[in-house]
S.K.: 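Here it is, the structure in full.
Residue numbering restarts at 1 for every chain, and letters A, B, ... go by the order of the sequence lines.
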Amino acid sequence: MYTFTDRGDRSITLRPEGTACAVRAYLEDKLHAGPQPVKLYYTGPMFRYDRPQAGRFRQFHQFGIEVFGSNDPAVDAEVIAMSMDFYGRLGLKNLELHINSVGCVKCRLVLRRELQSFFRKRYDDLCFNCKNRFEKNPMRILDCKETQCIDSGVNAPTPIDCLCESCSAHFEKVKKHMDLINIPYIINHRLVRGLDYYTNTAFEMMAPDIGAQSSIGGGGRYNGLVETCGGPPTPGVGFALGMERVILALDRQRVAFPGTVGPDVFVVTVGQVGSDEAFKLLFKLRAAGFSANKDFLNRSLKAQMKYAGKAGVRFVVIIGEEELARGVAMVRDMVTAKQESVILDQIAVYLTKRKSEV
RNA sequence: GUGGGUGUAGCUCAGCUGGUCAGAGCACCAGAUUGUGGCUCUGGGGGCCGUGGGUUCAAGUCCCAUCAUCCACCCCA
């Protein structure tokens, strides 16, 4: 975590994720006293201290959702579905959705026993870290990327094997609800969340070809977290995605980004004559709800047109000597290249009409 | 925290084994078109070659340090 000492000699840690923040909001604002369930979202910068690499930044941005107050497996499916829908709308393809269930505290006690008895015989084959995990948190051995640990864990008991009756039923219902809305998933027995407050459903979305950090989002159920944070026992389930990784995936999949949108109108002047009128018109147009711009570099008519073309504006309003004398301006449609003269006072009205045609 | 790669124009990069090595494309600006964008052509501006030391007659080019950046390892509550 990104921890440092500030000038007041206080130890400061920058938040690494948003769920705990959402829980605090839920408790501090006493949302648990209101109607349940409570659905929240957040977005903002998060921080880590790891060395940066592809898809991993010291400062990054997450979007996340949390649902407090319901243990209904349909909500797990709803949260997963919402996140998959988000990726789908962006245009991402070939994502893998991995799901698993780590059960409740009771299930994990069973799992812990089973795993320890399984790995006790293979203890010497485990990597250094997993030898420590054996006592501290054997579930994490399943998650280890070392080949020796993967090999020795081939027939290891899985979290799902150790689910109690109600947790097993919960997982079945999550899967059923996923099937009801046709969301394909892969059951990944190695997908675990190590902390005690995680319960039942765990899931993760992976994007191919974005480097070593392939996860673009994930989440799960945390029925113990609110209580751990000092609140009443409250079920919760949530999801978070890393926006930089989503952008990376969009980039790799060559999904077209929404282009930058230019102003609606660009006001072109010829020489100094039309300049004052153009400035006034600029603000009239803005007041009428258009985004509008003009030249501020004393550029030639041609250069202004060129600039307007590059900026992708739809309409150019040309005010020159001839137009001024007649109290009109030339309005040019940059797409059709057609232009007509419009009375100066009527330009906003005219453009409003033209804009609604498109 | 560990290992490796890369720092040259706004961007992407080329610059062999030190000696016309300050370059290309794109972008930008201007002109061709004296009041009309996109296409084309012509011209132009712009670089302490990341920074600081060192080696050498001579350093983008070699060495050291430093900073930045990228990739991977580690880690991922």
S.K.: So, using ring pair (Phe, Tyr, Trp, His ring centres under 6.0 Å) as the criterion, who are the partners of A:F171 when residues are at least two apart?
M.R.: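 With neighbours one apart ignored, the set is empty.
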S.K.: I want to verify a distance call: between B:C74, B:G35, B:G37, whose nearest atom is closest to the A:V270 side chain?
M.R.: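 Among B:C74, B:G35, B:G37, the one nearest the side chain of A:V270 is B:G35.
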S.K.: Counting side-chain heavy atoms from C-beta on, which of B:C74, B:C76, B:U36 comes nearest to A:M330?
M.R.: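 Looking only at side-chain atoms, A:M330 lies closest to B:U36.
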S.K.: Between C1' on B:C28 and CZ on A:R299, what's the gap in Å once rounded to a whole number?
M.R.: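 So the two atoms are 10 Å apart, to the nearest Å.
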S.K.: Consider the side chain of A:R56, meaning its heavy atoms from C-beta on, and name the nucleotide among B:C73, B:C28, B:C74 that approaches it most closely.
M.R.: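 Between B:C73, B:C28, B:C74, the one nearest the side chain of A:R56 would be B:C74.
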S.K.: How many whole angstroms separate atom CE of A:M305 from atom P of B:G38?
M.R.: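 Going from CE in A:M305 over to P in B:G38 covers 9 Å.
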S.K.: Mind calculating the distance between NZ (A:K294) and P (B:U36) to the nearest angstrom?
M.R.: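 Taking atom P of B:U36 as the reference, NZ of A:K294 is at 19 Å.
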S.K.: Can you run down the salt bridge (charged side-chain N to carboxylate O under 4.0 Å, His left out) pairs that involve residues 247-257 of chain A, sequence neighbours left out, and say none if there aren't any?
M.R.: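 Residue pairs passing salt bridge (charged side-chain N to carboxylate O under 4.0 Å, His left out), neighbours aside: none found.
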S.K.: Can you list, by chain and residue number, the hydrophobic cluster partners of A:I343 when the side-chain cut-off is 4.5 Å?
M.R.: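 Noted: A:I343 shares its cluster with A:V328.
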S.K.: Centre-to-centre under 6.0 Å for A:F119 and A:Y123, is that the case here?
M.R.: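 Not under 6.0 Å, so no.
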S.K.: Between A:K310 and B:C28, does any side-chain N or O lie under 4.0 Å from OP1 or OP2?
M.R.: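 Indeed, a polar side-chain atom of A:K310 lies that close.
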S.K.: For the rings on A:Y26 and A:F68, is their centre-to-centre separation under 6.0 Å?
M.R.: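 Ring centroids of A:Y26 and A:F68 are less than 6.0 Å from each other.
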S.K.: Rounded to whole Å, how long is the line connecting atom CG of A:L301 with atom P of B:U36?
M.R.: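 In whole Å, B:U36 P lies 6 Å from A:L301 CG.
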S.K.: Contact class for A:A303 (heavy atom, under 4.0 Å): base, sugar-phosphate, or nothing?
M.R.: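 Sugar-phosphate contact only - A:A303 comes under 4.0 Å of backbone atoms but never of a base.
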S.K.: For the side chain of A:Q339, starting at C-beta, report the closest nucleotide among B:C76, B:U36, B:G37.
M.R.: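 Nearest nucleotide to the side chain: B:U36.
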S.K.: Just grab all the salt bridge (charged side-chain N to carboxylate O under 4.0 Å, His left out) pairs involving residues 299-311 of chain A, residues at least two apart or on different chains.
M.R.: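 Pairs touching residues 299-311 of chain A that pass the test: A:D295-A:R299.
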S.K.: List for me each residue that meets side chain to side chain contact (heavy atoms under 4.5 Å, CB included) alongside A:L97, sequence neighbours excluded, and say none if there are none.
M.R.: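 With sequence neighbours excluded, A:L97 shows a side chain to side chain contact (heavy atoms under 4.5 Å, CB included) to A:I80, A:M84, A:I99, A:M178, A:I183, A:Y185, A:F203, A:M205, given in chain and number order.
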S.K.: How would you label the contact of A:Y49 with the nucleic acid (heavy atoms, under 4.0 Å): base, sugar-phosphate, or nothing?
M.R.: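 Nothing, no heavy atom under 4.0 Å.
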S.K.: In this structure, how many angstroms lie between the C1' atom of B:A72 and the CG atom of A:D50, rounded?
M.R.: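 One finds 13 Å between C1' of B:A72 and CG of A:D50, rounded.
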S.K.: Have a look at A:R58 and say if it touches a base, only the backbone sugar-phosphate, or nothing, with a 4.0 Å heavy-atom cut-off.
M.R.: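 No contact.
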S.K.: What integer distance in Å separates A:K302:NZ from B:U40:C1'?
M.R.: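 That distance rounds to 11 Å.
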S.K.: Please check this pair: side chain of A:S291 against backbone of A:D264, looking for a donor-acceptor N/O pair closer than 3.5 Å.
M.R.: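 Pair found, side chain donor or acceptor close to backbone of A:D264.
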S.K.: Could you list the residues that satisfy side chain to side chain contact (heavy atoms under 4.5 Å, CB included) with A:R89, not counting sequence neighbours?
M.R.: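 In terms of side chain to side chain contact (heavy atoms under 4.5 Å, CB included), with neighbours along the sequence ignored, A:R89 is linked to A:D85.
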S.K.: I'd like to check the side chain to side chain contact (heavy atoms under 4.5 Å, CB included) partners of A:N188; sequence neighbours left out, ordered by chain and number.
M.R.: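 For A:N188 the side chain to side chain contact (heavy atoms under 4.5 Å, CB included) partners, ignoring immediate neighbours, are A:H98, A:R190, A:L191.
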S.K.: Can you give the dot-bracket line for RNA chain B, where a pair is Watson-Crick or G-U wobble with both atom distances under 3.5 Å, crossing pairs use [ ], and | marks a partner on another strand?
M.R.: (((((((..((((.....[...)))).(((((.......))))).....(((((..]....))))))))))))....
S.K.: Got a sec? Which of residues 321-329 of chain A come in under 4.0 Å of RNA chain B, heavy atoms?
M.R.: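 RNA chain B contact set from residues 321-329 of chain A: A:E321, A:E322, A:E323.
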S.K.: So what does A:A212 touch, heavy atoms closer than 4.0 Å: a base, only the sugar-phosphate, or nothing?
M.R.: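 It contacts sugar-phosphate atoms only.
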S.K.: Could you check how far CG of A:N137 sits from C1' of B:C75, rounded to whole Å?
M.R.: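 Whole-Å distance recorded here is 15 Å.
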S.K.: Can you give each donor-acceptor pair under 3.5 Å made by side-chain atoms of residues 55-64 of chain A, sequence neighbours left out, with the distance rounded to 0.1 Å?
M.R.:
{"from": "A:R58", "atom 1": "NE", "to": "A:Y49", "atom 2": "O", "distance (Å)": "2.9"}
{"from": "A:R58", "atom 1": "NE", "to": "A:D50", "atom 2": "O", "distance (Å)": "3.0"}
{"from": "A:R58", "atom 1": "NH2", "to": "A:Y49", "atom 2": "O", "distance (Å)": "3.2"}
{"from": "A:H61", "atom 1": "ND1", "to": "A:E244", "atom 2": "OE2", "distance (Å)": "2.7"}

S.K.: Determine the contact category for A:Q213: base if any of its heavy atoms lies under 4.0 Å from a base atom, sugar-phosphate if only primed atoms, P, OP1 or OP2 are that close, otherwise nothing.
M.R.: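 Base contact - A:Q213 has a heavy atom under 4.0 Å of at least one base atom.
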S.K.: Along nucleotides 65-70 of chain B, 5' to 3', which nucleotides get a B, which get an S, and which get a -, given that the test is a protein heavy-atom distance under 4.0 Å?
M.R.: ------
S.K.: Can you pull the salt bridge (charged side-chain N to carboxylate O under 4.0 Å, His left out) pairs that have at least one residue in residues 178-188 of chain A, sequence neighbours excluded?
M.R.: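 Output for this query is empty, none listed.
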